Protein chains: 2
Amino acid sequence: MGEYRSSQLDELFGAIADPTRRAILDRLASGEARVTEIAADFPISLNSVSKHLRMLERAGLVVRRVRGRDHHLSLNAEPLNAAAEWIEHHRQFWEQSLAGLEQFVTRKPRKKIQRSSRQ
Amino acid sequence: MGEYRSSQLDELFGAIADPTRRAILDRLASGEARVTEIAADFPISLNSVSKHLRMLERAGLVVRRVRGRDHHLSLNAEPLNAAAEWIEHHRQFWEQSLAGLEQFVTRKPRKKIQRSSRQ
DNA sequence: TCTATATTCACCCATAGAGGTGAATATAGG
DNA sequence: CCTATATTCACCTCTATGGGTGAATATAGA
């Protein structure tokens, strides 16, 4: 309570929450590409793609290698580890606590439950 | 290409991209709770918490059971499966394609690389 | 019936995101 | 030096989000 911030996960999950950005990542999975090349595959403007790439870069999912005019973007899977970790941890923990709750409800009804009331 | 939308993942990743919402999920992991109870643990208003809960509910991560005045919120881990699936798939695939790319670069330099230029 | 509590609804504000256009910047290549 | 290309910067619009406040609604409980 109090400090529950983690801008790492914020940017990560925020980055992959957008369908265009997920599609850009898929595009990069088939190989490194320049901004213009990526933009050619999408119905949006070059500028818009450039902004998406900046966000992906900030999240660490994309790495930029500048050679002359050209910016070569490539994937970096490493940050996905943190995301996978969060999800796996919570997925297991929730199922666990849900099972515990069910046992609790089944075994030990606290306040008298009047199932005659509405629904 | 063209149809690359998936509002399912959009809402899912969008929901867990916010630190307050992740904290709310953590709170619910320790047991079902009402809106007021949840709000008591956070420095924001009851209304704000109510909105966050609505988004979590829309993403399917939280289930609401209304009994009289009280809304009981509980977790639903199921949607996390889709998220985990996306992440795992891409994590493995990226590492794989990265390895392939490295081999490619090492073995077969295409255009003559003049490393004498700047940087 | 009256009152207190729980929650949402209807607004307000500020900021960020997603999209666009046009100009600026930088480099490649004659 | 000049021109074409690659990218970003600066700005505009629209919508969504995160925060707030106050009123409306619904139910619990005396």
Side-chain angles (χ1 to χ4, degrees), chain A residues 4-7 9-25 32-59 62-74 111-114 116-119, chain B residues 4-7 10-25 28 32-59 62-74 111-114 116-119:
Chain A
Y4 52 85
R5 277 177 288 153
S6 171
S7 112
L9 288 179
D10 291 5
E11 289 179 349
L12 240 171
F13 285 130
I16 60 180
D18 182 87
T20 298
R21 281 194 290 271
R22 287 198 304 277
I24 289 178
L25 293 175
E32 193 180 81
R34 290 177 302 114
V35 183
T36 309
E37 289 172 339
I38 298 168
D41 293 345
F42 293 89
I44 61 178
S45 76
L46 179 68
N47 268 338
S48 198
V49 171
S50 176
K51 289 180 202 171
H52 282 303
L53 286 171
R54 197 188 315 152
M55 300 184 71
L56 290 170
E57 203 182 358
R58 229 179 16 170
V62 150
V63 172
R64 184 186 307 254
R65 181 173 56 83
V66 179
R67 183 175 282 273
R69 297 179 298 181
D70 300 353
H71 295 207
H72 296 264
L73 289 316
S74 57
K111 291 186 176 179
K112 52 185 174 186
I113 298 175
Q114 44 209 26
S116 57
S117 61
R118 62 181 68 81
Q119 236 268 339
Chain B
Y4 53 86
R5 277 177 288 154
S6 171
S7 112
D10 290 5
E11 289 178 350
L12 240 171
F13 285 130
I16 60 180
D18 182 88
T20 299
R21 282 194 290 271
R22 286 198 304 277
I24 290 177
L25 293 175
L28 289 178
E32 193 180 81
R34 290 176 303 113
V35 182
T36 309
E37 290 171 338
I38 299 169
D41 293 345
F42 293 89
I44 60 178
S45 75
L46 178 69
N47 268 338
S48 198
V49 170
S50 177
K51 288 180 200 171
H52 282 303
L53 286 170
R54 198 187 315 151
M55 300 184 70
L56 289 170
E57 202 182 359
R58 227 180 17 172
V62 151
V63 172
R64 183 186 307 254
R65 182 173 55 83
V66 180
R67 182 175 283 271
R69 298 179 298 182
D70 300 353
H71 295 206
H72 297 265
L73 289 316
S74 57
K111 291 186 176 179
K112 54 185 173 186
I113 298 174
Q114 45 210 28
S116 56
S117 61
R118 63 181 65 82
Q119 234 261 346

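These values consider heavy atoms only, across backbone and side chains, with no hydrogens, waters or symmetry-generated copies. Remember, it's a predicted structure, so these values are computed and weren't measured experimentally. Below, read A as the first sequence line, B as the second, and so on, with proteins coming before strands; counting in each chain starts at 1.
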task = Rounded to the nearest 0.5 Å, what's the gap from NE2 on B:H71 to CZ on B:R34? Could you check?
result = 10.5 Å

request  = Considering non-hydrogen atoms only, spot the tightest contact between B:A15 and B:L56 and give its length.
outcome  = CB-CD2, 4.1 Å

message = What I want to check is whether an N or O donor and acceptor connect the side chain of A:K51 with the base of C:dG17 at under 3.5 Å.
response = no

inquiry  = With a 4.0 Å limit, can you tell me whether A:S45 has a side-chain N or O closer than that to the phosphate oxygens OP1/OP2 of C:dG20?
reply    = yes

key: Listed partners of A:A33 passing side-chain contact (heavy atoms from CB on, under 4.5 Å), at least two apart   = A:R27, A:L28, A:E37, A:I38

key: Listed nucleotide nearest any side-chain atom of A:M55, set C:dG17, D:dT17, D:dG19   = C:dG17

message = I need the minimum non-hydrogen distance between A:E11 and A:R58, along with the two atoms involved.
response = OE1-O, 3.3 Å

ask   = Which listed nucleotide (D:dT17, D:dG19, C:dG19) is nearest to the side chain of B:S48?
value = D:dG19

inquiry  = Rounded to whole Å, how long is the line connecting atom CD1 of A:I16 with atom C1' of C:dA18?
reply    = 18 Å

inquiry  = Suppose the criterion is side-chain hydrogen bond (donor to acceptor under 3.5 Å, both in side chains): which pairs have a residue in residues 44-53 of chain A, not counting sequence neighbours?
reply    = A:R21-A:H52

Under 3.5 Å between N/O atoms: give me all the protein pairs with nucleotides 6-9 of chain D, atom names plus distance.
from  : atom 1 : to    : atom 2 : distance (Å)
D:dT7 : OP1    : A:V35 : N      : 3.3
D:dT7 : OP1    : A:H71 : N      : 3.2
D:dT7 : OP2    : A:T36 : N      : 2.8
D:dT7 : OP2    : A:T36 : OG1    : 2.2
D:dT7 : O3'    : A:H71 : ND1    : 3.2
D:dT8 : OP1    : A:R64 : NH1    : 2.1
D:dT8 : OP1    : A:R64 : NH2    : 3.4
D:dT8 : OP1    : A:H71 : ND1    : 3.3
D:dT8 : OP2    : A:S50 : OG     : 2.6
D:dT8 : O4     : A:N47 : OD1    : 3.3
D:dC9 : N4     : A:N47 : OD1    : 2.7
D:dC9 : N4     : A:N47 : ND2    : 2.8

inquiry  = For A:G68 and A:H52, find the nucleotide of DNA chain C closest to each by heavy atoms; which residue's nucleotide sits nearer the 5' end?
reply    = A:H52

message = Using whole Å, what does the distance between atom P of nucleotide D:dT17 and atom CD1 of B:I44 come to?
response = 15 Å

Separation of C:dA18 C1' from A:D18 CG (nearest whole Å) = 8 Å

key: Which atom of B:G14 lies closest to which atom of A:A17, heavy atoms considered   = N-CB, 3.5 Å

